[in-house]
2 protein chains.
Amino acid sequence: MRKEILDNYEKDAEVFKALGHPTRLFIVHQLAKEDKCVCELTAMVGDDISTISKHLSVLKNVGIVDYLKKGNQIFYRLKLRCVLDMTVCVDDKRVR
Amino acid sequence: MRKEILDNYEKDAEVFKALGHPTRLFIVHQLAKEDKCVCELTAMVGDDISTISKHLSVLKNVGIVDYLKKGNQIFYRLKLRCVLDMTVCVDDKRVR
DNA sequence: CAAGTATTTGGCTTTTTGGCAAAATAGTAA
DNA sequence: TTACTATTTTGCCAAAAAGCCAAATACTTG
């Protein structure tokens, strides 16, 4: 039974886990508006750029974002836009 | 700026984080079918009952589930049913 | 090529999480 | 009350996550 859990739910859980950090959730919402480079996100959040870079790679590894290179900057882009609907669900709850 | 992130996204992130574990995701899907007591969930998952109890309290603390007592057993119930739609979003992605 | 900017990676420490086992709590029933 | 069952809490340990700094990598430009 353990096996079934791990096989069927692990991938989904990875996505939820990636969204389970306030900074990453903030990043997702910023990228929902428009693509942003790492330095822009770093300036907005205020953490070290290496910290932001690591958050972005967490999001990238589960397919929520991808990126495009422009010159020497890297612009991240929200790829899995349906995660925005997921947040609405959470917000609904909070209102109650 | 840190402040804004923490204040506006921390609550949502807590919910995502609660779903970010395969066992908890499995539990949510079982409860979507019908209420279950801790011992039933324990039997299905195969972990120690104390481990299951902790997973349930994580889900309860963020409002995803609640429970009702019946005799000496405690039946957990899926309260925030919209999380099921959230999973669909994830599955959509995986198909691609 | 060297210098400068942007980003990622590695190393390190601190904090959090997950799991089990044992003790504590709650409820039932003899 | 005692015994029994169900669940939670506590303590402990190992593993994973988060964050910063420094080093490495990538790209541009002089």
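Chain identifiers are assigned alphabetically (A, B, ...) following the order of the sequence lines, protein sequences preceding nucleic acid strands; residue numbering begins at 1 within each chain.
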Residue pair T23(A), I27(A): steps toward the side-chain contact (heavy atoms from CB on, under 4.5 Å) verdict: CA-CA 6 Å; T23(A) 300; I27(A) 289 173; 4.1 Å; yes
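- A straight line from CG of L59(B) to P of dT17(C) spans 14 Å, rounded to a whole angstrom.
- Contact annotation: K17(A) side-chain N/O to dA17(D) OP1/OP2 distance is under 4.0 Å.
- Contact annotation: side chain of T51(A) to base of dA18(D), donor-acceptor pair absent below 3.5 Å.
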Between D66(A) and R77(A), is the salt bridge (Lys or Arg N to Asp or Glu O under 4.0 Å) condition met? List the steps. CA-CA 5 Å; D66(A) 60 3; R77(A) 178 174 63 170; 2.9 Å; yes
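- Rounded to whole Å, the distance from CD1 on I49(B) to P on dT10(D) is 17 Å.
- Note: CG (N72(A)) to P (dT5(C)) measures 10 Å, nearest angstrom.
- Using a 4.0 Å cut-off, no side-chain N or O of H55(B) falls inside it from OP1 or OP2 of dT7(D).
- In this structure, I52(B) places its CD1 atom 18 Å from P of dT17(C), rounding to the nearest Å.
- Following rounding to the nearest Å, H21(B) (NE2) and dA17(D) (C1') show an atom-to-atom distance of 14 Å.
- The side chain of S50(A) sits closest to dC21(D) out of dC27(D), dC21(D), dT8(D).
- Toward the 5' end of DNA chain D, the nearer of the two residues S57(B) and G20(A), judged by each one's closest nucleotide, is S57(B).
- In this structure, the CD atom of Q73(B) is 19 Å from the P atom of dC4(D), given to the nearest Å.
- Atom-to-atom, CD1 of I74(A) to C1' of dA6(C) comes out at 8 Å; the value is rounded to the nearest Å.
- The base of dG11(C) sits with one of its N or O atoms less than 3.5 Å from a complementary donor or acceptor on the side chain of K54(A).
- Of the candidate nucleotides dC20(D), dT8(C), dT7(D), dT7(D) has the atom lying nearest to any side-chain atom of C37(B).
- The side chain of D48(B) has dA21(C) as its nearest neighbour among dA21(C), dT9(C), dT7(D).
- Under 4.0 angstrom from either OP1 or OP2 of dA6(C) there lies no side-chain N or O belonging to Y76(A).
- Taking the ring centroids of H29(A) and Y9(B), they lie under the 6.0 Å cut-off.
- We find that NZ of K36(B) is positioned 17 Å from C1' of dA6(D), with the value rounded to whole Å.
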Verdict with reasoning, E14(A) to K17(A), per salt bridge (Lys or Arg N to Asp or Glu O under 4.0 Å): CA-CA 5 Å; E14(A) 286 297 314; K17(A) 191 159 62 171; 3.7 Å; yes
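- Within a 6.0 Å sphere centred on OH of Y67(B), other residues, nucleotides and ligands contribute 12 heavy atoms or fewer.
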